[in-house]
Each structure stands twice: as C-alpha cells, then as structure tokens.
Amino acid sequence: MSTVRDIRCWTLQDQRQSLILAAHGTDLAEIIYWGPRLPDGTDLEMLVAAARMDVTGGMLDAVPPLSICPEARRSFPGQPGLSLTNSAGEALLPRFTFERAEEDDQTLTLLYHDAKNGLRYRARFELALATGMIRATASLTSEQPVSVSWLSAPVFPAPQNSHEMIDFHGRWIGEFQTSRTPWSAGARLRDNPTGRTGHEHFPGLIVPCTGATNSQGSAYAFHYGWSGGHKMLAEELPDGRRQIQWGHATGSRRSPGTQFETAPLYAVFSDQGINGCAIAFQRHLRDKILQPPAPARPRPVHYNCWEAVYFDHDHATLCDIASRAAALGAERFVLDDGWFGRRDDDTTSLGDWTIDRRKYPDGLMPLINHVHAEGMTFGIWFEPEMINPDSDLFRTHPDWVLGDPDQVLGRQQMVLNIALPEVQAYLYERISAVLADHPIDYVKWDHNRVLPEPDSAQAEAIYVLFDRLRADFPTVEFESCSSGGGRIDFGILSRTHRVWLSDSNDPLERLRIQHEAALFLPMVVTGSHVGPRKCHTSGRETDIRLRAWVAAQRHMGFEMDPRELTEEEADVLRQVTRWWKGNRHWTERADILRLDSDDPAVIAELQRAVDGSRFVAFAGLSAASAQILPRPLRLTGLEPGTLYEISLLNRDDAPGLSRGSPLLKTETARLSGQYLMHQGITLPWTFPQSIWVIEGTRL
Ligand code: DGJ
C-alpha cells in the first residue's frame, strides 16, 4: 500500500497486467486502473489525480465513487453492491470505513466496518502469477441476523472503449450459445433462479474492447465460480462509467444470518485478443482448480453405454459391447443409468441406490471383472440429488423433498433437500457403500432437473457431500453432468474432474458447442463422445470421420453401440483413437486457440503445445460455404519468424470432387508463422459436414 495526501493505493500486477485500487481517506477502494502492465515506478498519486472526472450542470458536485461495493447512501446512480434488511425488515444502507489492508505480492485483502449497523465487509483479490487470473471474493459479517438479497463479488469497472458484451445462453443439446449485446444506458441483467449453473445461463461474460477478435486486441472476461444460480449485472451508469457485478441469484439466500460470502469471481484481462482470456481460463482451471486423483495419468478413452442400451441391461450384451469397445481403444467402461432399484425407464427408482438383482443377479462384479479382463477400468452413474415419487425412498421419506409436494415434476423427478443432515447422511452411506464394495474409479454424477425454488443452501450442501466423498475415495474421478452441460462452473470443477458438455453427440452441434466452451474449458475436462451413426438427439446421419475427429478434439470417448459399426467405420475409429492416444501427452496441456475464420461455415481452432513446438488445427466445415473454394485458413499464436512444417493429417479424406492439386493434398509444406497467420493455409475442397486436421511442427 502507498499513502499520499490521504489517498491509499494498492497494486497487484504480473508481467502482463496491473490492477490498481485507490481510496480517498477511509472510503471503500475503487479499481482505478486495470489493463496492460504500467511502467515500474508509475506515480500512483498522479494516476488518481489523472482519473478525476469533471462535473457539469445537472450533476452532483462530485462524482460518486464506483467502488468495489458501491454504496446506495452515497448517491450512487446504479445498482449498489449490497442490499440487506434487518430483522424488522428495514433496509440498511451501510457506509463502510476502512479498517486495514493485508497484502503480499499476490493477494490483497481490504477490511471495512460500519459501526452504526454492526457490519464488517471484506474484499479479497488474488492474482495467480502463472495464469494471470484474478480471483476476487467479498464477504459480509453482521453482529445481528440480517437478510441479504444482494452481495456482489468485488465490483469491476468495464471499459468504455467497448461496443458490446458477450454472454451465454443455451438449452439442452444446445449449450454455450453466445449473446452479443450492445452497451447502452442501463443494465443488462442475467438472473438465474434455477438453483443450478444451468444450460440457460453459463456464468461467463466477455467484454471485448473495440476491434478485438479472437486473436488480437484487448478483452476482459469474467466467470462466477458457483453452482447454485447466479446474477450478473453489466451496467452503464448515466455518466458513462460501466460496472460489472456478480453474485448469487436473487432470493437464493433464504434465511437471515450473520455471515455471507460470495463465490469466487474469476476475472482476466488480455491484450492478445479473446484467446488470451480463454487461455487464462483453460490454464487456471486445469492447473489451479482441478484436483485430479492421479495428475500424471493420461486421460483414458471412455466408453459410455447410455446410447447403446439405455435402461435395457443384459449381462451378455454389456460384455459383448465392452469387449468391442476395448478393441476400438476404450480404456474405461462407464455403466450409465439403469443399474439400480427397478429402473426400467426414467419414471422410477431415483433414490434407491441398491443394485437391481433382476438385471444383476450376482451383483456388478461379473460385469466389472469382464471389463477389467478387457483392460479397462470401471465407472458408474449416480444422480444422488434426485428422487422419483415412485421410489422406496419417497415412500419412506416424502418429507425429504425440496419444495411443495404438488410441485411440477421434471423428468418425473423431484429434488432432495440435501441441506438436511439426514439426507446427506443417507446419500453418503448409499454412494460410499457402492464405491467401497466395488473397484470403481469413476462416477458420472448427474442432475436432471432444476430446483423447484431458488436455494443456495443446496449448492453449499452438494459441495460438502462431494468433499466428504472425495476425501474418503481419493482415487475416484467424478464427472459433472446435468442433462449434459447444465452444471459447468469452476465451483463444481474444484470437486469434479470432467464435464459432460452436452447430451448432443451430433458432431455438428458439438463442433460449435466445443468451440464456444473453449473460452473457459481446457481439453482435459471436456468430455466428447463418438455417437451413433444416426444421432439420437438430432436424427442426423454423419460420417464416422467427422464424429471421430470432433470427439478427438477433447477428452475422447465412444457412446454408440459398437455393434452398429461397419468394418470401415471401426477402422477409422481405431485410427483416430490411436492418433488421440499418441498425442495426448501434449494435447492435454495444450492451449486451445479459436481461429478467426473468414468463412462463417468453418469452425476452426488450433491446439498449441505449451512450449510452442507443435500444434494441431481442426477446421470443421459445418455447412456448405457461400463461395466455391475454401477461403485460406489463417492460424494464430505462432512465432512469425519461425518456419513450420505443415501437413494435412487426413488428406486421404479429400473427396473425388476435389480435382485440383493444392500442395497439402499430397505433400507437406514449410511456411513461416507470419505467412500462416497472415495469408493462411490453402486447403483442398471438401464436402460440407467434414473436417480437416492439420498438424504443424516448429522447425
Ligand atoms: C442425462 C445425461 O446427460 C445422459 O448422458 C445420461 O446419463 C442420462 N441422463 C441417464 O439418465
């Protein structure tokens, strides 16, 4: 901290950025600068003075501060950072006074109090030097119980040289769709009452500065790491300043209390385009948040039996499928829904976590032994937070349900109130019994309906249950699934190790979903499976090459019935799987860079090894192009002055209608990074709904 003439200043910085906060007297701090690193020895007093704004007619005589928790009682002209009432239901309008700061190179904690209302406020910022990610949290403590309807994580300003913001919506089998909203007076509000992260509201925001693309310009990005429903507010104040607030969803903190804390807000600045933000999120999640049971173990190729058998479990069939999956290259067999209670369809048995002896008369061990004999490990599906009215659990404990008894069901199911200690104890006992009795190294943890009412206690309780299970079963990996990608966030991913990105195994849908999700998710956590020839969720038939390569972009798996594969399809799948296994030692740690495609029909990315020595680029032609020949594919993230050897890995896939002789159809090319990034690669013509795979090595 530096103090000059009653101004306090704090700096957090790494090689690429400076974050500078300042406060007058004992006021709450404001972020007065966040952007490219300022020169050493920058005069902070001058920065504060230089940022002082004018006032004119119709304004107050001073501009109210846009602090880390804007206070309503200071005439702040926008959403305050905190809204609360006392036990009499009266609104409290706190005014905080500086108490002290704790700081070191990477963290800054600011503490304030409001003696009149008996409140304490704390904001904490932590800058991860290795990833450039800022993690910010806020907490409030009260001497008397209060009801908090809004507590924002520390408030960040947004740049005024930005025309639009990008946030996310989506749906089942259509996750990670982007919305671009022009900045204008007033607020854009995303308030997610569903009680889970949600397909509809991935908690992310990107604010590109004017002119920024994937590969160039400046951009800011945010992610609220919370699984229980969140609220985002991006507001332009009447004076033109802009603020970003994130916190728990409205109404989800249901009981009065004395301690409140936000989830971590992850914030990043990039001067290397939107990809700079994406790389920071990918690396930070992979290297700082995930806690894999065996970090050095390569990600195994999955086989998941859901779309092959659904609820129809028959020992001989499952063994046959498992043997075929292993022959294709699978390394882990996941037994999905249908193994417990009397679960012959999705109307029954959630909550009854005992093996169905009609389907498994000798238990699960005969199947597990077969899977092991085929050289695979064994994983299993649970949906612990749910209950079917048609279940023994419901018949015994109807009072364990969250919400009204006459609530509308979702997939025939209700949610258990897992904040109740007896429900936690029951679930822990049931799940741990299955894990303790069987050699299981993986759990797919599903969550297939929204909560009947907003309730943050539910997310807190699920974190507790995960933490307990992980402590007692440290070798088990967990996957977060929620009708596909309904619960993906850095909160759940600090307890799980993979996400089921979407229930869509349609490679065309997946190509897009994976492309957008890469803004936040690295390859290692992003499950992607080769589905059936005719996709079960789109009805579309696609070629095995497209299906296999799209799955090979991420954590690869298979989910079709392998008995449907022709010999040729099986060959292609084996080859692509072999490629994936042969490269995962570097692709698992690679940065995924989204390419700025000049053809809207092409969705393309480049995965670059951490040391920059090699890359693989995928260019998926999602539909027919408007022009007859492919536009050059401009790469990114290469060294301009270095030569690269480029080859088209799947050049044999060129169709007969490609009649010319572009170099890459038959040969490798040696081209500079400058050429590849400015001019781009000339690819052969190909069919819509196909994909080119380009490998590059630094010479
Ligand atoms: C929804 C999941 O997203 C699917 O992958 C599958 O596990 C089913 N649930 C099982 O009911």
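Keep in mind the model is a prediction, meaning the values are calculated, not measured. In each ligand, atom 1 is the first atom listed, and ligand 1 is the first ligand listed. FYI, the numbering just counts along the sequence from 1.
Under 4.0 Å from ligand 1, the heavy atoms of Ser483 that appear belong solely to its backbone. Contact annotation for Arg411 and ligand 1: only side-chain heavy atoms (C-beta onward) come within less than 4.0 Å of the ligand. With a 4.0 Å heavy-atom cut-off, ligand 1 is reached by the side chain of Lys444 but not by its N, CA, C or O.
Atom 3 (O) of ligand 1 has its closest protein heavy atom at Asp503 OD1, 2.4 Å. Looking only at protein heavy atoms, the nearest one to atom 11 (O) of ligand 1 is Asp337 OD2, 2.6 Å. Protein heavy atom at the shortest distance from atom 6 (C) of ligand 1 is Asp336 OD1, 3.4 Å.
On a distance-only criterion, Trp306 and ligand 1 share no N/O pair closer than 3.5 Å. Checked by distance only, ligand 1 and Gly484 come closer than 3.5 Å through their nitrogen or oxygen atoms. Residue Glu559 places no N or O, backbone or side chain, under 3.5 Å from any N or O of ligand 1. Checked against a 3.5 angstrom limit, the closest N/O atoms of Ser482 and ligand 1 fall outside it.
Between Asp390 and Arg395 there is a salt bridge, since at least one side-chain N of the basic residue sits less than 4.0 Å from a carboxylate O of the acidic one. Electrostatic pairing of Glu331 and Arg297 does not count as a salt bridge here, judged by no charged N lying under 4.0 Å from a carboxylate O. By the 4.0 Å N-to-carboxylate-O rule, Arg299 lies too far from Glu588 to be salt-bridged with it.
Open room surrounds CZ on Arg342; 12 or fewer heavy atoms of other groups in view lie less than 6.0 Å from it.
Arg498 places a side-chain heavy atom less than 4.5 Å from the side chain of His302.
Tested against Glu383, the residues Arg449, Gln413, Lys444 include a single side chain to side chain donor-acceptor pair (under 3.5 Å) partner, Gln413. Considering Trp500, Phe466, Phe473 as possible partners of Phe478, the one that fulfils the ring pair (Phe, Tyr, Trp, His ring centres under 6.0 Å) test is Phe466.
Within the 3.5 Å criterion, the main-chain N or O of Pro300 finds a donor-acceptor partner in the side chain of His555.
Taking every heavy atom of Cys481 and a limit of under 4.0 angstrom, the matching atoms of ligand 1 come to 2 (C), 3 (O). Each of the following atoms of ligand 1 lies closer than 4.0 Å to a heavy atom of Trp500: 3 (O), 5 (O).
Which of Asp346, Asp446, Val334 comes nearest to atom 9 (N) of ligand 1 through a heavy atom is settled by distance: it is Asp446.
Side chains of Thr347 and Asp345: a donor-acceptor N/O pair is present below 3.5 angstrom, by distance only.
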